[in-house]
J.: 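Here it is, the structure, as structure tokens.
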Amino acid sequence: MVSKKIAVLFLSALVSVPVPAATVSFLIVETGLPPGADANEHSSLWESGLFDVFFDAGHIVSNAPILRLEGKFEKELPETARADIDEAAQGGMDYFIIAVLDYPLAEISETETAAVRPDQVSLKLFTTSPCRLLFEQRCGKKQLTSMDDEFLWVKQEVRRLLPQLNDPQ
């Protein structure tokens, strides 16, 4: 009977210890797709991967609508995304992640863009207040046989960001 009481007290102590959960907002940025084209399934895959990984890790997540830019940008942050980061900071978010999906700049009709794969994906982790780039990783183009395999790969790539939340440089 005494051992049950000790076990209950021990478990109660573990449950009452607060677990830090970061608040994370993210934005998918597409470059190279025609402005009026339909949604791209790979952009949605990356968005779902970000949601799944951070939510499953116990973080509070939100996102901004997908941003489509006509061409690549040279800065670490597109100017059009500044309002999204400012809004995330005002909403109390700790971190902001931008996933930049660079699609091939070849002439693609607006009806053929749904299944086009990005050539490269860059994941950029920022603090929101002050806005500062903490970490960046590039993910090359990976040809996988199914969307399920690709989704697993996307989540694997996104998981590489998790240690950066607790260990800012």
Side-chain angles (χ1 to χ4, degrees), residues 17-103 113-142 147-169:
V17 174
V19 177
T23 53
V24 182
S25 186
F26 56 86
L27 169 67
I28 304 295
V29 176
E30 302 170 325
T31 67
L33 294 177
D38 292 336
N40 182 282
E41 62 188 24
H42 297 283
S43 298
S44 299
L45 196 72
W46 279 91
E47 186 174 49
S48 295
L50 282 161
F51 261 123
D52 284 3
V53 168
F54 283 93
F55 183 79
D56 289 348
H59 300 294
I60 300 164
V61 294
S62 70
N63 69 315
I66 293 175
L67 175 64
R68 185 170 291 176
L69 302 176
E70 287 188 34
K72 295 182 181 185
F73 56 94
E74 298 299 322
K75 299 178 182 179
E76 65 184 28
L77 174 68
E79 285 302 317
T80 50
R82 175 62 67 180
D84 293 316
I85 287 185
D86 291 343
E87 186 177 320
Q90 291 172 358
M93 293 291 156
D94 300 315
Y95 298 97
F96 194 84
I97 297 170
I98 296 179
V100 182
L101 283 68
D102 291 322
Y103 289 93
T113 60
V116 174
R117 293 178 187 269
D119 283 335
Q120 180 175 297
V121 176
S122 298
L123 299 174
K124 299 180 180 195
L125 173 65
F126 293 86
T127 57
T128 56
S129 187
C131 180
R132 180 172 62 98
L133 179 65
L134 289 180
F135 180 77
E136 180 176 4
Q137 77 182 41
R138 296 194 194 305
C139 312
K141 189 174 185 176
K142 185 135 179 156
M147 288 301 279
D148 289 339
D149 288 344
E150 189 160 348
F151 188 55
L152 292 173
W153 175 75
V154 165
K155 288 171 49 171
Q156 176 185 331
E157 291 297 309
V158 169
R159 277 188 203 97
R160 294 172 46 198
L161 293 175
L162 287 173
Q164 304 304 318
L165 297 184
N166 299 325
D167 188 25
Q169 299 171 347

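Just so you know, these numbers use all the heavy atoms, side chains as well, and skip hydrogens, waters and symmetry mates.
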J.: With rounding to the nearest 0.5 angstrom, report the SG to CH2 distance, C139 to W153.
T.: 5.0 Å
J.: Has K124 got a side-chain atom pairing as donor or acceptor with L77's backbone, closer than 3.5 angstrom?
T.: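 Not confirmed, K124 side chain does not pair with L77 backbone.
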J.: Within a 6.0 Å radius of atom CD on Q120, are there more than 12 heavy atoms belonging to other residues, nucleotides or ligands?
T.: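 It does: Q120 CD has more than 12 such atoms within range.
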J.: As an exercise, state the distance from CZ of F96 to CD1 of I85, rounded to the nearest 0.5 Å.
T.: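 Result: 5.0 Å between the selected atoms.
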J.: Locate the shortest heavy-atom distance separating L27 from P65; write the atom from each residue and the value.
T.: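 Residues L27 and P65, closest heavy atoms: CD1-O, 3.1 Å.
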J.: More than 12 foreign heavy atoms under 6.0 Å from CD of Q137: is that the case here?
T.: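 Result for CD/Q137: enclosed.
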J.: May I have the step-by-step check of side-chain contact (heavy atoms from CB on, under 4.5 Å) for L123 and V121, ending in yes or no?
T.: CA-CA 7 Å; L123 299 174; V121 176; 4.3 Å; yes
J.: Show the numbers, then the answer: is there a side-chain contact (heavy atoms from CB on, under 4.5 Å) between V29 and L69?
T.: CA-CA 7 Å; V29 176; L69 302 176; 3.7 Å; yes
J.: Only counting residues at least two apart or in another chain, list the ones meeting side-chain hydrogen bond (donor to acceptor under 3.5 Å, both in side chains) with T23.
T.: D94
J.: Please report the interatomic distance CD(E30) to CH2(W46), rounded to the nearest 0.5 Å.
T.: 13.5 Å
J.: With sequence neighbours left out, write down each residue that passes side-chain hydrogen bond (donor to acceptor under 3.5 Å, both in side chains) with E150, or none if nothing qualifies.
T.: H42, R117
J.: Show your reasoning for whether side-chain contact (heavy atoms from CB on, under 4.5 Å) applies to L134 and Q164.
T.: CA-CA 8 Å; L134 289 180; Q164 304 304 318; 5.8 Å; no
J.: Rounded to the nearest 0.5 Å, what separates atom CZ in F54 from atom CD1 in I97?
T.: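 Reported value, rounded in 0.5 Å steps: 3.5 Å.
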J.: Do N63 and E47 have a side chain donor and acceptor closer than 3.5 Å?
T.: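 Side-chain D/A pair, N63 to E47: present.
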J.: Distance from S25 atom OG to I60 atom CD1, nearest 0.5 Å?
T.: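 That separation rounds to 12.0 Å.
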J.: So does V116 get a backbone contact from the side chain of N40, meaning a donor-acceptor N/O pair under 3.5 Å?
T.: yes
J.: Do side-chain atoms of Y95 reach the backbone of L165 as a donor and acceptor pair under 3.5 angstrom?
T.: yes
J.: Between atom CE of M147 and atom CG of L152, what is the distance when rounded to the nearest 0.5 Å?
T.: 11.5 Å
J.: Only counting residues at least two apart or in another chain, list the ones meeting side chain to side chain contact (heavy atoms under 4.5 Å, CB included) with R159.
T.: V53, K155, Q156, L162
J.: Has T128 got a side-chain atom pairing as donor or acceptor with M93's backbone, closer than 3.5 angstrom?
T.: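 A pair under 3.5 Å: yes.
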